[in-house]
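Beneath this line is the structure, given in structure tokens, with notes to follow.
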Amino acid sequence: MSGTSSQTLSFTKPSPSLPAGTGEDYWSLDDFISSKERIPSMVEENISFQRLGHICPHTREAHLLSKTKLDLPLWLAKSLNRKEMISITFPKAYKESMRTALSADPTVIDLHRNGPYFYSVGLSLLQFKLDKDRDKDEEEKERLAKTLIETFVRRLRVIMDSSHNYYCANTTNMTNQLDELEKYLFSLGQEALTKQIQYERGHNKIIMASSLTSNSRKRKRN
Amino acid sequence: MFGEKVLDLVGELKRARPGTIPPYNEDLTRQVIEEMRVLFEENLTDVSEAASEKEKATPKPELYPSIHLRHVCLERNQRGLLLYNYNRLVKLRDLRWELGSILPDEFRLSLSEQEVQWFQRYNRSLANYMRSVGGGVLDLTEYTQPPKTLHIEVRCLEDYGDLETDNGTVVQLKKGRHYYLLRSQCEQLIRQGILEHIQ
């Protein structure tokens, strides 16, 4: 789900990679940044992190004791949760109240403020162990997955429509409420529209200055 | 909290406008490596304590959660550093294909020494490859679009100086003038922004 533009050549990526099935790309900037999202967590019973009390800002203990509540970044929470060292609850943007709002009308919600990696964090949450009871766990995840899909599908229509029809217009109003993934899709649509219009006008035969130079030249002039 | 510095580092690259390379942040890189060193040493003492087989010391399995946590942080930092360097190289490689083998000053200044060396080595490999497949005359960065005509009309956007064409004549490129040149000759100059293709 990397948001980088398609590259002209693929060059072999260096070897480390994440375990399969995580849906993450080891080399993607977006995936790396999106996993900074803070997840409300609690240290499990019978587990304590010796000599790591300083991680939690509101205790003065030398150790991080069991039942301590703290916000951990997603990348850390995921690994500790898999080892059953911590339990987690959903962040605000995935709680019941937000889900109700999303099911009412997803198109008016500002997913940039509630994200900006709403979908990729949501997908990661599905890999957590939420509840010791297996059925409850499944049920909770299924509801989250449904919300994610419905939100995406219903918002996509509006995004597609506007990305295919704004030409040479200021789109910041439109895009600053979008999640990063949606922004990427929006820009793909815009790119295609520009290409189509250029083709119709016969501009496609022109060799263009590289976007790299036009940027650096602009900077020089300033 | 661990892993915040490396996030700053990667975020800096992400925020850079498309088509630019931000200056190599050696300072922050060093700070991340320092954080990793501390984590590693703490883990080393804890591991030797936890799994100690000396007679007097008792093994301490209760240290394992901390060891695991620090290890995850180490991996996170490692991934960030690799990601930072790799994505910069991708940008640098794209530069080679867009602007040719000479690195413009505004890019050279933001590269680390190793990156400049890498660029030179990449240049050499690419040149070797092109020589091996095309009998010495093939330039893969030419003709990125199928040509409709041999010659094209161009406008010069800045005083460039003399350009020697393949048949030996020298054309002086001056700002504001129009020329009718071989397409293969000016494609690179157009992409560098010195000439403009007009119809």
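Throughout, a chain's letter reflects where its sequence line sits, starting with A, and its residues are numbered from 1. Values below: every heavy atom of this structure, side chains too, minus hydrogens, waters and symmetry copies. Values in this document were obtained by computation on a predicted structure and should not be read as measured data.
No more than 12 heavy atoms of other residues, nucleotides or ligands sit less than 6.0 Å from atom OH of Y160(B). Within 6.0 Å of atom NZ in K95(A), more than 12 heavy atoms from other residues, nucleotides or ligands are found, so the atom counts as buried in its surroundings. Atom OH of Y129(B) sits in a sparse spot, with 12 or fewer heavy atoms from other residues, nucleotides or ligands closer than 6.0 Å. No more than 12 heavy atoms of other residues, nucleotides or ligands shown are found within 6.0 angstrom of OH on Y166(A). Residue R113(A) places its CZ atom among 12 or fewer non-hydrogen atoms of other residues, nucleotides or ligands, all under 6.0 Å distant. I198(B) CD1: more than 12 foreign heavy atoms inside a 6.0 Å radius. Shown here is E200(A), whose CD atom has more than 12 heavy atoms of other residues, nucleotides or ligands within 6.0 Å.
S66(B) and F49(A) get closest at one heavy-atom pair: OG-C, 3.1 Å. Residues I33(A) and G11(B) share a closest heavy-atom pair of CD1-CA, 4.1 Å.
Remark: R79(B) qualifies as a cation-pi partner of Y26(A) under the 6.0 Å distance and 45° angle criteria applied to the six-membered ring.
Residues L7(B) and F32(A) meet the side-chain proximity criterion, which asks for heavy atoms closer than 4.5 Å. Between L76(A) and M1(B), the closest side-chain pair of non-hydrogen atoms falls below 4.5 Å. Using a 4.5 Å heavy-atom threshold, the side chains of R76(B) and P73(A) count as separate.
Using a 4.5 Å cut-off between heavy atoms, E196(B) makes no contact with chain A at all. Interface residue I47(A): only side-chain heavy atoms are found under 4.5 Å from chain B. Only the side chain of I152(B) comes within contact range of chain A, judged by heavy atoms closer than 4.5 Å. With a 4.5 angstrom heavy-atom cutoff, V154(B) does not touch chain A via any of its atoms. Residue H63(A) does not touch chain B at all, counting heavy-atom pairs closer than 4.5 Å. Residue C186(B) does not touch chain A at all, counting heavy-atom pairs closer than 4.5 Å. Interface residue F2(B): backbone and side-chain heavy atoms are both found under 4.5 Å from chain A.
Interatomic distance, L64(A) CG to L69(B) CG, rounded to the nearest 0.5 Å: 8.0 Å. Put simply, CG on L13(B) and CG on L29(A) are 5.5 Å apart, with the number rounded to the nearest 0.5 Å.
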Review point. Step by step, would you call H71(B) with S79(A) a side-chain hydrogen bond (donor to acceptor under 3.5 Å, both in side chains)?
Key: CA-CA 10 Å; H71(B) 186 71; S79(A) 171; over 6 Å; no
Practice item. Begin from the C-alpha positions of E62(B) and R51(A) and carry the test salt bridge (charged side-chain N to carboxylate O under 4.0 Å, His left out) through to its verdict. Key: CA-CA 11 Å; E62(B) 69 268 22; R51(A) 298 170 198 165; over 6 Å; no
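Ring orientation note: the planes of Y86(B) and W27(A) are tilted relative to one another, at an angle of 30° to 60°.
Using a cutoff of 4.0 Å between basic side-chain nitrogens and carboxylate oxygens, K78(A) and E75(B) are not scored as salt-bridged.
With respect to chain B, the highest number of heavy-atom pairs below 4.5 Å among V43(A), L72(A), I55(A) belongs to I55(A).
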